[in-house]
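For reference, the structure discussed in these notes is given below.
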Amino acid sequence: MSVIKGVKGVKDLLPEETPRWRFIEESARRWATRYGFHEIRIPIFEVTTLFARSIGASTDIVEKEMYTFPDRDGTSLTLRPEGTAGTVRAYIEHNRAAIPVPQKYFYTGPMFRHERPQAGRLRQFHQFGVESYGIADPRADVEVIALLWHILHELGLPSLTLEINNLGQAADRDIYRPVLVGYLKHHEAGLCGNCKHRIEANPLRVLDCKVPECRIITEQAPRLSESLSETARSYFAQVLAGLDLIHIPYSLNHRLVRGLDYYNLTTFEVTATNLGAQNAVGAGGRYDGLVETLGGASTPAVGFAVGLERIAMLLPDSQNSLIPADKTVYVAGFGNKGSVAGLTALEELRTFGIPAVSDFRATTLKAHLRQADRLGCQFTLLLGDDEAIKGAAVLRNMESKSQHDVLLSSLPSQVQSLLRPS
Ligand code: HAM
């Protein structure tokens, strides 16, 4: 029979890797909770229009990266390429605006984009994201950026840069767009094929192109900052002042326009120098128009998402070793009576809350001890027929080799006291 393999760009996380992931997710959750965000769990798939309308019909994501399929009744469905659109839909659908306290959510889970897979770029990847609704105040932007910064810093990720830009309001961009298009048309011949197409479809994205020839041309392009209203400038200045106040370092990047159309005013991205081409660890911004675009009342909003694969790639091993290993007892039940008593011992220890394992294939003490070593267990309960008849087993510390008798009648509490560091 031929072997069935996993889908390209879709990875398994094997048991050796999951502690690293749990460590990252738990750290992010802890920080988000500290900042007053509460978990929301949104569906993996939604109707296609939700993403087309929110992310933007002429973005790369909607144009060529979505996993879209017809439901049995013909409705077009899409696997979520990101979490913001679904969170906004849930916010509107459950009338969360009626709740008189700030609505601040976090989420984590898989996202799907049909991109060309490479290191740090997958077709099924995972994000941790936060979204804050209802607050049109620069302090909300600062709060969200500070949360992003702290999550990444506590994890000890090296060489991070926070880049930030002001995209202004839709009206500002309406003034800027024809100015930029005029300039780009004049230099069209020198642009890459993608950017030629973007001049009409999504001209601001040309500023973000990484092709060196395009960068030279756009370096001289008129800047969006020149078309910004006084309100947009003042808002952004307050965001920067807030970041200064709480000592979050940033660098201004006028090219940061983002690949999703819903942003206005503040946009930001955290990059890492040692991630290669896919260097964005996390990104986000303000998106005050999206709730209304999706049929809700006008609602200011701001949020970000980080890519968990990219964080896992950057996480130093020293951080990973901070994960406390549970003390696991290996139960070596051998012989007819010892095997039966071993099964009872395993059950009692686990019910009491002590992690306990065994390898039922082992039939001799020697084989059991070898498996206990391989499994990295610090303690082994030796339980042969003699011990089972006597009602007392031996708990061996695998490192110090010291041994203690333990009565089977009160096994879990005795083992527990011996596991405690002296
Ligand atoms: P995004 O920039 O598209 O923003 O994605 C956020 C992060 O997800 C990226 O910085 C990257 O770390 C990770 N990521 C994206 N695509 C992939 C991929 N193919 N493979 C691995 N990692 C990837 C958003 O998704 C917005 N929803 C963020 C946001 C939330 N804005 C406001 N609220």
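Start at 1 and go down the list; that is how both ligands and their atoms are numbered.
- Geometrically, ligand 1 and G307 share a nitrogen or oxygen pair separated by less than 3.5 Å.
- Comparing Y263, F125, Y107 by heavy-atom distance to atom 17 (C) of ligand 1, the nearest is F125.
- Legend: salt bridge (Lys or Arg N to Asp or Glu O under 4.0 Å) pairs involving residues 364-375, not counting sequence neighbours: none detected.
- For ligand 1, the polar-atom distance check against R121 finds no nitrogen or oxygen pair separated by under 3.5 Å.
- For ligand 1, the atoms lying closer than 4.0 Å to a non-hydrogen atom of E131 are 30 (C), 32 (C), 33 (N).
- Distance alone, capped at 3.5 Å, is enough to place a donor-acceptor pair between the E17 side chain and the L14 backbone.
- Between E309 and ligand 1, no N or O atom pair is found at a separation short of 3.5 Å.
- F45 CZ: 12 or fewer foreign heavy atoms inside a 6.0 Å radius.
- Of all atoms in ligand 1, listed by their number and element, those nearer than 4.0 Å to a heavy atom of A305 are 6 (C), 7 (C), 28 (C), 29 (C), 30 (C).
- Heavy-atom minimum distance, C195 versus C214: SG-SG, 3.9 Å.
- Of the N or O atoms in A280, one or more lie within a sub-3.5 Å distance of an N or O in ligand 1.
- When the heavy-atom distances from atom 3 (O) of ligand 1 to E65, R113, H126, E269 are ranked, the shortest goes to R113.
- Formation of a donor-acceptor pair under 3.5 Å by the R255 side chain with backbone atoms of R215 is found in this model.
- You'll find the side chain of D244 reaches within 4.5 Å of the side chain of Y250, heavy atoms only.
- At a 3.5 angstrom cut-off on N or O pairs, L122 counts as close to ligand 1.
- The shortest N/O to N/O separation between V306 and ligand 1 does not fall below 3.5 Å.
- Each of the atoms 30 (C), 31 (N), 32 (C), 33 (N) of ligand 1 lies under 4.0 Å from some heavy atom of G303.
- Remark: among candidates L260, T84, V270, the nearest residue to atom 30 (C) of ligand 1 is T84, based on non-hydrogen atoms.
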